[in-house]
Each structure stands twice: as structure tokens, then as C-alpha cells.
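These notes concern the structure reproduced below.
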There are 2 protein chains.
Amino acid sequence: MSTGNPDVPPQTLAEAKAQFIHLWGVSGTSWGVSKTLAQVHALLLVSPAALSTEDIMSQLTISRGNASMTVRELLGWGLLYKELRPGERREYFVAEKDMLQVTRCIIRARKRRELDPMKRTLDQLATLPGDAADADYRAFHTTLTDIQQLATASDKLLTKLMLAERSWFWDKFFKLFL
Amino acid sequence: MSTGNPDVPPQTLAEAKAQFIHLWGVSGTSWGVSKTLAQVHALLLVSPAALSTEDIMSQLTISRGNASMTVRELLGWGLLYKELRPGERREYFVAEKDMLQVTRCIIRARKRRELDPMKRTLDQLATLPGDAADADYRAFHTTLTDIQQLATASDKLLTKLMLAERSWFWDKFFKLFL
DNA sequence: CACAAGTTTCAGGAATTATTGAAACTTGTG
DNA sequence: CACAAGTTTCAATAATTCCTGAAACTTGTG
């Protein structure tokens, strides 16, 4: 599979797929997700059929170890499903294709890994007692309280998005905001 | 300044500051922002007074070059202001402390750098013509259209947040969602 | 139980990204 | 204009993160 050179309008489906996989890899990278993880996800997002580890390895030219670990991680995020075929030992994987579900999975995973621990630390830091006459203390305390507030608001918003009904989601997200 | 070891409840303001700076650095890293950038930002967020490059270097134990480049980048994001003191050549920097503004700056910068280019590529890929009877093409086209739709919705939401009045922001963000 | 087919693990190497530090540059001043 | 005080640049290096590949493991089968 080619490099997916961007900015050249794709002529064939294979080119377009390669460009999409490349795009997803680059985007992932700039949001702290490893290139391979994003690319395996992209590959499966545009595959109508389930793919085996073997398929993934060869289509993305990555090692067996990398493919295996990456697939397991995506399963952990809830972005992939195993497809077991009777009489075959080999495992196949399909991506969750519903972008609302995909969004929910990503929000859930990142909230759990990053936002929640961060909030715990902030809570602890914000309680530090101190001298209200000390400018240093006041600056620290005010900033921490403000950040805490923002973190709490984000948390609640994300939780709501995560649990929302599809209809609620589109109602609010579209009618209200756009 | 110490390492900011987390999970140990801070006893002094200096410890708490160090922990906050550490936290911000770690969080930045997992969202694709360099540790130093996040830490310089954190340092200035909790400093009541403006700091010079010299101050930043010594408080975070980083090199002059690193401090200079980082400060410039934060200025570019709109997260820092220069403070010039009459009769002094040295430049001082203050952080934007209003977390709503901070949020807007971050949204603006990341939208411009990541979301916008991505949307352009998606638009191009989604227009690829093809055979509706081909499962491969259908999978590609459907996924791309869905992602495009999500990207457009996010774009609009972020734009609205970015430009919103403070009152609108809190009204919607709190009353409606939480 | 020996083997085949497939999966997982992980130490070490490769690739990427961040940081340093010294030299070049700018700018105000006597 | 020479100097001092400060800032920026960037090639070299350090640190981090990612990926490979081979060995160990698992599991179904004759």
C-alpha cells in the first residue's frame, strides 16, 4: 500500500484509502495517539469485511507484534470487535462503524485515562490552605479553582455526550448549537 | 524547583506549585503538547507577577533556547502577553488567567492547525466517485461521509464556543448540559 | 503427547521529538 | 561605533516513544 501522499487528488479507491489511512495516522499523532493505532483503526473503518492480523500486517507493512498489540488496544477502547469464524482458529476484526459509537468510545477511554486522574490531582491541590494575604497563594488558589471548575464542566458535558441517546445527541448538537 | 511528585499531598505552596506544573506537563504530553510548553504555561498561570525568560529558565531548569522558543509559541497561541517595563530591556511575560479565554485560545489554535486541514482532506476524499455496487467503495464512501459530518458538526460547535459571549457560554454550557 | 496454526510478549534497535548551548543577531546607550 | 544586555536560531545530542522480530506461549487435533 502506498504512502497516501496528501494533496494529490486520489484517482483510485486504493489511493483514496491510502490517503485516508495516512490522514488518520497524522491526526492521531497530533492528539497523542500512536500512528499505528490510528492507522489500523482507519484501515478497518474503510474495510467492509473483517480482517485478520495477517491482513493488517501486510496492508500496513507493520510487524506481527505491533499489529497484535495495536489490535488488542483498539479492542480495549471498544473500537473493534472480534469476529470468530467456525472451524477457523484465526481471529478476524471489524471496526465499529457508527461514528456516534466511535465518538463515545474515544471519549470514554480518554476521560478515564486522562481527565479523571487529572481531576483527582486538581481536587487535592485546590484544597491547599494558605494565607489569603499572600499574592502567590491567591494566584495559585484562584487558578486552581478555575481550572477545577472547567474540568468539572467538561467532565459533565462529556459524560452526558457519552450516555446520551442518539436522538438527544443530534437534537442538541445540531438544532441547538448549529 | 522539585519534581512535583504526585499523590503526596502537598504541604507547602512551593510543593503544590511544583505538582501543578508537573501535572500540566504530563497532561499536555498525552494530548500532543510538549512537556515544556505545558510547564511554562502552568508556571505562568500560577505566578501573580510577570516573569522574565531568565526566571522561567531557572524555575523550570530549562535552557535559554528552550525557554525562548516556548515563550514565543505560547505568545502565538495567545496564552501569554508581553509586559514591557519602561527603562528595562528585558521582557516579562504574564499568562492569560481567564480560563474561558484560555479555552478559546487553545480551541482556536488547534482547530486551525489540525481540524481545518483535516477537513479539507476529508472533503477531497469524500468526493471520489465510484461504483455503488462495489462493497469496498460503499464502505469507504459511507465512512468518509460520516466522518465528514462529524468533523463539520465539531467545527461548528467549536467555532460557536470560540466566539461565544461569556454569558452565552455559561448559560448553555451549564444550565443546558449539566 | 507431538505437532501445527495462531497469538502474545518484550528486550533491543529504529525513528521521532524535544532540548541544549553556543554563535549570531538586535537594540539601546555612552 | 563599540559595547552591553538581551533575544533568537539551529546543528548536535539527548530523551522518549515506537516498532521489530524472535522466542515463548496457547490451543485444537490426530
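If you're wondering where the values come from, they're calculated on a predicted model, not measured in any experiment. The chains referred to below are lettered A, B, ... by the order of the sequence lines, with proteins before strands, and numbering in each begins at 1.
In terms of position on DNA chain C, the residue among Gly65(A) and Leu37(B) whose nearest nucleotide sits closer to the 5' end is Gly65(A). Residue order along DNA chain C, read from the 5' end via each residue's closest nucleotide, puts Tyr92(A) first among Val33(B) and Tyr92(A).
For dG30(D), the paired nucleotide is dC1(C), the pair qualifying as Watson-Crick or G-U wobble because both relevant distances are below 3.5 Å. A 3.5 Å limit on both hydrogen-bonding distances identifies dA23(D) as the Watson-Crick or G-U partner of dT8(C). Checking dA11(D) for Watson-Crick or G-U wobble geometry (two distances, each under 3.5 Å) identifies dT20(C) as its partner.
In this entry the distance linking CD of Glu73(A) with C1' of dT17(D) reads 13 Å, nearest Å. Atom-to-atom, CE of Met69(B) to C1' of dG6(D) comes out at 17 Å; the value is rounded to the nearest Å. Counting to the nearest Å, the C1' atom of dT26(C) and the CD atom of Glu88(B) are 18 Å from each other. Atoms CD1 (Ile62(B)) and P (dT20(C)) sit 6 Å apart, rounded to a whole Å. What separates NZ of Lys82(A) from P of dG6(C) is a distance of 15 Å, to the nearest Å. For the pair Lys35(B) NZ and dA14(D) P, the interatomic distance rounds to 16 Å; values are reported in whole Å. Rounding to whole angstrom units, CE of residue Met57(B) and P of dT19(C) are separated by 14 Å. A straight line from CD of Glu91(B) to P of dT7(D) spans 5 Å, rounded to a whole angstrom.
Of the candidate nucleotides dT17(C), dT7(C), dT20(D), dT17(C) has the atom lying nearest to any side-chain atom of Thr29(A). Ranking dT9(D), dG6(D), dC19(D) by closeness to the Asn66(A) side chain, first place goes to dC19(D). Taking only side-chain atoms of Ser63(A), from C-beta outward, the nucleotide of dT20(C), dT9(D), dG21(D) with the closest atom is dG21(D).
Taking hydrophobic clusters as Ile, Leu, Val, Met, Phe, Trp and Tyr residues chained together by side-chain heavy-atom distances below 4.5 Å, Val94(A) does not share a cluster with Leu43(A).
The phosphate of dT8(D) has OP1 or OP2 within less than 4.0 Å of a side-chain N or O from Ser68(B). Considering only side-chain N and O atoms, Ser52(B) lies nowhere under 4.0 angstrom from the phosphate OP1 or OP2 of dG6(D). For Ser34(A) and dT17(D), the shortest distance from a side-chain N or O to OP1 or OP2 is not below 4.0 Å. Side-chain nitrogen and oxygen atoms of Thr36(B) include at least one within less than 4.0 Å of the OP1 or OP2 phosphate oxygen of dT19(C). Listed pair Arg64(A) / dT9(C) fails the phosphate criterion, with no side-chain N or O lying under 4.0 Å from OP1 or OP2. Here Arg89(A) does not reach the OP1 or OP2 of dT27(D): none of its side-chain N or O atoms lies under 4.0 Å away.
A donor-acceptor pair under 3.5 Å is formed between the side chain of Tyr137(A) and the backbone N or O of Leu128(A).
Relative to the six-membered ring of Trp31(A), Arg110(B) meets both conditions, a distance below 6.0 Å and an angle of at most 45° to the axis.
Taken to the nearest 0.5 Å, the CG atom of Leu45(B) stands 11.5 Å off from the NZ atom of Lys17(B).
If you check the side chains of Asn66(A) and Ser63(A), you find no donor sitting under 3.5 Å from an acceptor. In summary, the side chains of Ser52(A) and Asp55(A) do present a donor paired with an acceptor at a separation below 3.5 Å, with no hydrogens or angles considered.
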